[in-house]
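Every heavy atom of this structure was used, including side-chain atoms; hydrogens, water molecules and symmetry mates were not.
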Amino acid sequence: MEKRKKRIFDIIQIGSREDFISRAFDIFIVAVIFVNIGVLFLGTFEELQRYASLFKWAEAVTVFLFCIEYGLRIWTAEYLYPDKSRAKAVWRFVCSFDGVVDLFTILPFFFLSGFVAFRMLRVVRIFHLFRINAYYDSFHVITSVLYEKRNQIISSVFIILILMMASSLCMYSAEHEVQPEVFNNAFSGMWWSISTILTVGYGDIYPVTVLGRVMAIFISFLGVGAVAIPTGIISAGFVEQYTQLQNKSKSGGSVRGTVSVTVDDLSPFAGQEVREIENEYGIDVIAFVRSGAVVLPSDHNEIKMGDMVIYQDLGNKRG
């Protein structure tokens with residue numbers, strides 16, 4: 001029974017290219033997600049209302065499949081978190097991002113069906129597409145860049161927010177007397193400042209005074225620069241990440257001259273970040289395998305129980 005349970009866990013987790021059944025299951029789930037979203041989309045067309053019963057049937061089938069998948073994930077949660085008891089593993093999965101997304105994918109079919117906002121939560125199941133691509137570095141590079149540059153991104157967003165508040169106050173001061181119905185308070189100019197600073201410029205709200213137009217010119221120029229800041233930070237992060245990946249590939253890749261070790265109770269790697277492990281043991285962590293997925297590491301990735309760490313021994317302990 002335990003062997004069968006473990007096999008089911010391997011199948012429903014991120015598929016391995018060598019495991020045809022697991023890979024086929026991933027593709028099947030993605031197809032079900034597309035069908036579910038497509039039915040929800042097509043159901044909004046009045047011309048297709050004669051197929052409403054067919055759409056409802058297809059939606060019921062896809063939700064039923066989601067329920068089965070969700071139940072299997074709860075049943076095998078202990079293998080996802082091997083360092084926890086069964087009850088804690090189930091609770092950890094239910095509270096995890098995937099668990100919450102899966103639950104909110106199912107609930108709107110049975111409850112709150114009239115609330116489109118809840119039903120559209122099914123769309124986030126498309127994130128499972130990225131899980132199928134976990135063997136490749138594309139999505140991991142994106143998440144790594146956003147994590148590594150989070151402080152700079154937060155700072156740039158804060159600057160944009162301050163600029164929006166200031167421009168709203170300035171425009172209120174210049175335009176309130178002339179357009180009291182448009183700029184009736186400082187916050188009413190926020191829509192104008194957002195559309196201007198983010199270079200959208202809908203033109204539904206605009207200054208009519210000379211002073212307001214002059215300020216709008218400067219605010220527009222500042223908006224272009226402000227929006228370019230996070231863009232530049234993220235672009236530089238991508239360059240850094242790909243440079244690191246290329247350097248690791250040139251220094252030995254992930255095949256030759258590498259050592260792999262599974263993290264267990266006796267391993268000193270458990271609970272440490274990649275950067276800490278590399279500094280303490282003088283190794284270069286190339287990748288680690290978690291739940292069947294090969295992950296290209298960033299400095300702040302935490303190694304957990306059950307992970308398989310693939311590294312190169314640099315021959316010197318950095319201490």
Examine distances only and state if a side-chain atom of [X] and a backbone atom of [Y] form a donor-acceptor pair shorter than 3.5 Å.
{"X": "Gln272", "Y": "Ile303", "answer": "no"}
{"X": "Gln49", "Y": "Gly43", "answer": "yes"}
{"X": "Glu175", "Y": "Val208", "answer": "yes"}
{"X": "Ser193", "Y": "Met190", "answer": "yes"}

Counting only heavy atoms from other residues, nucleotides and ligands, does the tally under 6.0 Å from [atom1] of [X] exceed 12?
{"X": "Met215", "atom1": "CE", "answer": "yes"}
{"X": "Trp75", "atom1": "CH2", "answer": "yes"}
{"X": "Phe55", "atom1": "CZ", "answer": "yes"}
{"X": "Lys88", "atom1": "NZ", "answer": "no"}

query = Between Asp83 and Lys304, does a side-chain contact (heavy atoms from CB on, under 4.5 Å) hold up when you go through it step by step?
reply = CA-CA 9 Å; Asp83 57 329; Lys304 300 180 180 180; over 6 Å; no

inquiry  = Is it the case that the ring center of Tyr311 lies less than 6.0 angstrom away from the ring center of Tyr281?
reply    = no

key: Pairwise ring pair (Phe, Tyr, Trp, His ring centres under 6.0 Å) hits with a residue in residues 142-182, at least two apart   =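 Residue pairs passing ring pair (Phe, Tyr, Trp, His ring centres under 6.0 Å), neighbours aside: Tyr147-His300, Tyr172-His176.
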
Salt bridge (charged side-chain N to carboxylate O under 4.0 Å, His left out) involving Lys84 - partner list, sequence neighbours excluded =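 Partners of Lys84 by the salt bridge (charged side-chain N to carboxylate O under 4.0 Å, His left out) criterion come out as none, since no residue qualifies.
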
ask   = Do the ring planes of Phe93 and Tyr70 sit parallel (below 30°), tilted (30 to 60°) or perpendicular (above 60°)?
value =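 Correct class here is tilted.
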
